[in-house]
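For the numbers below, each heavy atom of this structure counts, side chains included, while hydrogens, waters and symmetry mates do not. Whatever order the structure lists ligands and atoms in, that order sets their numbers, starting from 1. Throughout, numbering of the chain's residues begins at 1 and tracks the sequence.
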Amino acid sequence: MPEKLLIATRNRGKWEEIRELLADLPLALIGLDEFPHLPDIPESGSTFEENALLKARFFHEQTGMLTVAEDSGLEVEALGGAPGLFSARYGRSDAERIARLLAELRDVPTEQRTARFVCVAALVGPHLERTFAGEVHGRIRTAPAGANGFGFDPVFEYPPLGKTFAELTRSEKSAVSHRGRAFRQLREFLVLLLERERNPS
Ligand code: IMP
């Protein structure tokens, strides 16, 4: 029975959110800090699902551990779905990525600033490959607000709360976010898997 789960991300913001989302599982959550020698693999897939699976398979093969990885991004309707799969490569820092996004949307009126965050989480172990998807719809603000979270959180408004993701606490964000939605499904799957391993019938 696996006692450990590798969370294969080097993104601090993602790690904190995923750790909280999976905290009540009877598994020790291991970070990539424990494997500093392992390289990152290029995200060469053409979908979030492919990239999540590529990462999870790679780190599972390297460590032998049950592994979860995720790929996520922001799709802005007025930009034809950009930055999408290339969200992390849209600029060199979060500030640069946000500045570029706001510049590209400069002349776009509020009602056309709709966007969604997408997340696909992949779970890979011996004889196991599963993916879980989540998304959340919102709108891109004209200026950043809030200091929590990471990435595009300061400009992504969640309309039902009238706040950006960076104005929410981590658990408020996870209750509605793309990552929260994907990882709650993954958690349910793991709970059943662990139960089945404990009581095979
Ligand atoms: P990747 O999954 O490592 O390719 O990177 C995803 C990128 O999408 C991040 O670097 C952020 O720019 C953006 N992103 C994904 N999820 C979130 C989120 O929850 N908040 C803000 N930005 C996000």
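- Counting atoms of ligand 1 from 1 in the listed order, those under 4.0 Å from a heavy atom of Glu70 are 2 (O).
- Side chain of Asp153 to main chain of Phe150: a donor-acceptor pair is present (N/O by atom type, distance under 3.5 Å, no hydrogens or angles).
- The atoms of ligand 1 that sit less than 4.0 Å from any heavy atom of Glu43 are 1 (P), 3 (O), 4 (O).
- In this comparison of Phe86, Phe165, Phe150, Phe156, the heavy atom closest to atom 9 (C) of ligand 1 sits on Phe150.
- Judged purely by distance below 3.5 Å, without hydrogens or angles, the side chains of Glu17 and Ser174 never pair a donor atom with an acceptor atom.
- Between atom CG of residue Asp40 and atom OG1 of residue Thr9 there is a gap of 8.5 Å, rounded to the nearest 0.5 Å.
- Side-chain N or O atoms of Arg181 include one that pairs as donor or acceptor with a backbone N or O of Glu135 at under 3.5 Å.
- At least one N or O atom of Ser72, backbone or side chain, sits closer than 3.5 Å to an N or O atom of ligand 1.
- On a distance-only criterion, Asp153 and ligand 1 share at least one N/O pair closer than 3.5 Å.
- Residue Lys14 has at least one N or O atom closer than 3.5 Å to an N or O atom of ligand 1.
- Of the protein's non-hydrogen atoms, the one nearest atom 19 (O) of ligand 1 is Lys173 NZ, 2.8 Å.
- Polar contact with ligand 1: present for Phe152 (N/O pair, distance under 3.5 Å).
- For Arg89, the closest heavy-atom approach to ligand 1 does not fall below 4.0 Å.
- Put simply, OG1 on Thr142 and CZ on Arg113 are 6.0 Å apart, with the number rounded to the nearest 0.5 Å.
- The Ala88 neighbourhood of ligand 1 comprises atoms 4 (O), 5 (O), 7 (C), 10 (O), with distances under 4.0 Å to a heavy atom of that residue.
- Heavy-atom separations between Gly73 and ligand 1 include at least one value shorter than 4.0 Å.
- One finds no salt bridge joining Asp71 and Lys14 here, because no Lys/Arg side-chain nitrogen approaches an Asp/Glu carboxylate oxygen to under 4.0 Å.
- In this structure, a donor-acceptor pair under 3.5 Å is absent between the side chains of Thr164 and Arg141.
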